[in-house]
Number of protein chains: 2
Amino acid sequence: MNTPPQTTDDRSGGGHSGLRSALALAGWLLACFAAAAMGGLFMPGEWYAALRKPAWNPPAWVFGPVWTALYTMMAVAAWLVWRRGGFAAQRRALALFLVQLALNAAWTPLFFGLRRPGLAFAEILLFWLALAATLLAFRPVSRGAAWLLAPYLAWVSFAAVLNFTLWRLNP
Amino acid sequence: MNTPPQTTDDRSGGGHSGLRSALALAGWLLACFAAAAMGGLFMPGEWYAALRKPAWNPPAWVFGPVWTALYTMMAVAAWLVWRRGGFAAQRRALALFLVQLALNAAWTPLFFGLRRPGLAFAEILLFWLALAATLLAFRPVSRGAAWLLAPYLAWVSFAAVLNFTLWRLNP
């Protein structure tokens with residue numbers, strides 16, 4: 001239970017593997033923050049401010065720090081899985097991760113760009129499914145990676161409920 | 001017909017606007033090639049080589065140069081639209097562009113990563129719709145931008161037919 005099996009893989013290559021591993025972590029962080037940058041292009045402006053919102057709608061300042069933490073954690077999770085043999089060995093799990101990342105990136109332009117909460121809600125359901133499948137695929141490879149995705153899945157579940165509520169409140 | 005209305009917008013800001021415009025072009029190229037990089041992670045290997053293919057299947061070396069040209073053209077197209085007032089003025093058209101880019105990025109991990117041609121075909125239909133909507137949204141803003149997307153739409157149409165055929169030939 002407490003043994004960290006993921007370290008054995010990393011040691012095999014020695015110093016060269018250490019550099020490659022650090023570059024890979026940078027690559028995963030870059031990929032995740034490139035997806036995050038899509039969110040920054042469509043700032044919640046007057047349109048969002050004017051929407052009817054539920055009483056439990058979080059204040060706007062919450063989203064920035066929360067997403068920064070979630071993108072960092074998901075990059076580390078993908079990196080932990082990647083360390084167990086790269087794309088060759090973890091093809092399915094890492095493919096699912098990239099699918100959920102792309103669906104994550106598509107949500108902001110749908111909701112804040114096109115201002116189509118209904119379409120965005122349909123999309124977030126697919127995104128949620130891809131993310132849940134990713135977490136389940138990460139679990140047997142690295143427990144730590146699966147745990148790092150847990151707050152992300154919880155937040156996307158909350159975001160889906162919020163998206164649905166905003167859609168119903170603003171027909 | 002022959003007047004280039006898009007240049008007037010660019011002139012308004014003088015030299016400062018020129019630098020900003022060049023940086024924006026670099027930004028659009030970066031965004032498109034970040035999405036392209038997803039394709040590079042899943043190389044068509046033994047699995048793809050072993051698939052039954054139609055006689056009209058293009059040779060593997062075609063895809064690299066074609067996609068490089070298409071990603072460059074789509075970045076220039078988005079930039080031409082962005083120049084007409086940025087995200088504030090072209091919110092809908094640029095949102096559609098980013099949705100199609102995210103759906104483009106999701107296709108490779110579905111097909112080559114998960115090796116699910118059926119799922120990838122369902123996804124490419126949504127991608128095709130988002131791309132066609134983007135072309136139609138670009139058209140009134142910049143004819144040049146719409147034309148730059150035309151080969152991309154043609155290629156994705158062909159890719160969808162190829163995807164469907166590969167799915168049916170390899171049940």
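Below, each value reflects all heavy atoms present in this structure, side chains not excepted, and no hydrogens, waters or symmetry copies. Lettering follows sequence order; numbering is per chain, from 1.
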To check you understand the geometry: which heavy-atom pair defines the closest contact between Pro140(A) and Leu136(A), and what is its length? CD-O, 3.2 Å
Give, for atom CD of Glu123(A) and atom CG of Asn104(A), the distance between the pair rounded to the nearest 0.5 Å. 8.5 Å
N/O donor-acceptor pair under 3.5 Å between Arg84(A) side chain and Val141(A) backbone: yes
Return the minimal non-hydrogen interatomic distance between Leu70(A) and Pro151(A), and the atom names on each side. CD2-C, 3.8 Å
Please identify each residue that fulfils ring-ring contact (aromatic ring centres under 6.0 Å, His included) with Trp61(B), with sequence neighbours left out. none
Could you check whether Tyr71(B) and Trp67(B) have their ring centres less than 6.0 Å apart? yes
Residues 152-171 of chain A: residues contacting chain B (heavy atom under 4.5 Å, by number): none
Answer yes or no: does atom CH2 of Trp47(A) have more than 12 heavy-atom neighbours from other residues, nucleotides or ligands under 6.0 Å? yes
Report, by ascending residue number, the residues of residues 105-121 of chain B in heavy-atom contact with chain A at a distance under 4.5 Å; give 'none' if the set is empty. Ala105(B), Ala106(B), Pro109(B), Leu110(B), Phe112(B), Gly113(B), Leu114(B), Arg115(B)
Atom pair CG/CE of Leu149(B) and Met74(B) - distance to nearest 0.5 Å: 8.0 Å
Determine yes or no for a side-chain-to-main-chain donor-acceptor pair under 3.5 angstrom, with Lys53(B) supplying the side chain and Pro58(B) the backbone. no
Taking atom OG1 of Thr134(A) and atom CZ of Phe138(A), what is their separation to the nearest 0.5 Å? 6.0 Å
Are the side chain of Trp79(A) and the backbone of Ser21(A) linked by a donor-acceptor contact shorter than 3.5 Å? yes
Heavy atoms of Ala130(B) and Leu103(B) approach each other most closely as CB-CD1, 4.0 Å
For chain A, which residues of residues 87-97 of chain B have at least one non-hydrogen atom nearer than 4.5 Å to it? Phe87(B), Arg91(B), Arg92(B), Leu94(B), Ala95(B), Leu96(B)
Nearest heavy-atom approach of Ala145(A) to Val81(A) is CB-CG2, 3.8 Å
